[in-house]
2 protein chains.
Amino acid sequence: MTQVKENSTRNYNKGISINNCPVTYVMNKIGGHWKPIIIHQLMSGPKRYSELRKAIPEITEKMLIQHLKQLQTDDLVNREARPVVPPVVTYSLSPLGTDLTPVLNAMVEWAFRAQQC
Amino acid sequence: MTQVKENSTRNYNKGISINNCPVTYVMNKIGGHWKPIIIHQLMSGPKRYSELRKAIPEITEKMLIQHLKQLQTDDLVNREARPVVPPVVTYSLSPLGTDLTPVLNAMVEWAFRAQQC
DNA sequence: CAGAATCCTATACGATACTG
DNA sequence: CAGTATCGTATAGGATTCTG
């Protein structure tokens with residue numbers, strides 16, 4: 001089983017800097033290369049696993065599953081698996097995840113301004 | 001010299017996923033554990049190197065310098081060194097860096113809501 | 001004061017192959 | 001379809017020491 005941890009941004013000095021800073025808190029939740037992209041995709045509505053793969057072609061299955069799990073653990077994403085064959089699994093943003101919309105939007109706006117220059 | 005690269009978030013598949021996504025673009029600029037914190041500190045006004053170290057006690061000098069350099073390269077932060085002895089170096093947000101304020105603020109707001117639950 | 005240099009560890013991510 | 005498992009690499013970050 002190996003119990004993959006891989007909890008986003010690293011944090012070696014365990015005792016010291018555990019989230020006194022709200023910005024760090026956020027980066028721990030949506031930091032990394034893929035999580036914001038996944039959330040951004042889900043912002044346009046619930047998607048099945050295969051739809052996410054198509055929407056983000058560059059991501060590997062490992063990364064997608066891994067970050068989806070992490071996002072579930074952090075209560076940003078809900079997973080609904082319907083017990084049929086073949087399986088149908090749908091991912092959607094939780095209320096908390098939906099609340100990230102302003103953050104992502106602010107990022108997108110800034111990116112456009114920055115790329116102008 | 002070794003030419004340290006250390007350009008934020010990794011990107012192995014060089015040819016493929018180079019910034020088609022605005023969110024990725026932003027994460028490349030302010031991703032990682034320290035950059036948002038540094039920017040957040042500078043949002044309250046210009047600060048000297050030593051002030052930054054005091055404001056962010058957990059950061060090592062290497063990380064602080066490294067990310068300050070990166071932020072300069074990305075035109076988010078300005079560095080002003082006055083040629084006196086002992087040296088006086090002041091860091092401040094560039095206009096582009098200042099434009100990140102809504103992003104950071106949105107993060108902080110979300111963090112507070114998230115930590116309530 | 002404001003850094004540079006060196007060495008090291010943890011982990012994020014990629015590639016590929018396999019499964020209920 | 002929706003995952004798991006395993007191996008390998010790149011890089012973020014830490015600790016310590018030294019300097020103009």
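Convention: sequence-line order gives letters A, B, ...; per-chain numbering from 1.
The salt bridge (Lys or Arg N to Asp or Glu O under 4.0 Å) check on B:Arg113 picks up A:Asp99, with sequence neighbours excluded. Every side chain to side chain donor-acceptor pair (under 3.5 Å) that B:Ser44 has, sequence neighbours left out, goes to B:Lys47.
Looking at A:Gln70 and A:Lys29, their side chains never come closer than 4.5 Å, going by heavy atoms from C-beta outward. Residues A:Leu76 and A:Leu42 form no side-chain contact, since every pair of their non-hydrogen atoms from C-beta on lies 4.5 Å or further apart. Between A:Tyr91 and A:Glu80, every side-chain heavy-atom pair lies at or beyond the 4.5 Å cut-off. The shortest side-chain heavy-atom distance between B:Leu93 and B:Asn78 does not fall under the 4.5 Å cut-off. Residues B:Ile56 and B:Glu58 are in side-chain contact: their nearest non-hydrogen atoms beyond the backbone lie under 4.5 Å apart.
In this structure, B:Gln66 atom CD and D:dA15 atom C1' are separated by 14 Å, rounded to whole Å. The CG-P distance, from A:Leu68 to D:dT4, rounds to 10 Å in whole Å. Spacing between atom CD1 of A:Ile59 and atom C1' of D:dG3 amounts to 14 Å, rounded to whole angstrom units. Atom OH of B:Tyr49 and atom P of D:dT19 are 17 Å apart (whole Å). Across the protein-nucleic acid pair, B:Leu64 atom CG and D:dA15 atom P stand 15 Å apart, rounded to whole Å. Remark: C1' of D:dA2 and CD of A:Glu51 are 13 Å apart, rounded to the nearest angstrom. One atom, CD1 of A:Ile65, and another, P of C:dG14, lie 15 Å apart when rounded to the nearest Å. With rounding to whole Å, A:Met63 atom CE is found 14 Å from C:dT11 atom P.
Here the nucleotide nearest the side chain of B:Glu61, chosen from C:dG14, D:dT4, C:dG3, is C:dG3. Nearest to the side chain of B:Trp34, among D:dG14, C:dG3, D:dA2, sits D:dG14. Each of C:dC1, C:dG3, D:dG13 was ranked by its minimum atom distance to the side chain of B:His67; first place goes to D:dG13.
Within residues 78-91 of chain A, the residues that have a heavy atom under 4.0 Å from DNA chain C are, in order of number, A:Pro87.
Taking only side-chain nitrogens and oxygens, B:Arg48 never comes nearer than 4.0 Å to OP1 or OP2 of C:dC1. Remark: A:Ser50 is not in phosphate contact with D:dC1, judged by side-chain N or O atoms under 4.0 Å from OP1 or OP2. Within the structure, a side-chain polar atom (N or O) of A:Lys69 is placed less than 4.0 Å from OP1 or OP2 of D:dT4. One finds no side-chain N or O of B:Thr60 lying less than 4.0 angstrom from the OP1 or OP2 phosphate oxygen of D:dA15.
The base of C:dG14 lies close enough to the side chain of A:Lys62 for a donor and an acceptor atom to sit less than 3.5 Å apart.
The residue B:Arg53 sits apart from the nucleic acid: no heavy atom pair falls under 4.0 Å.
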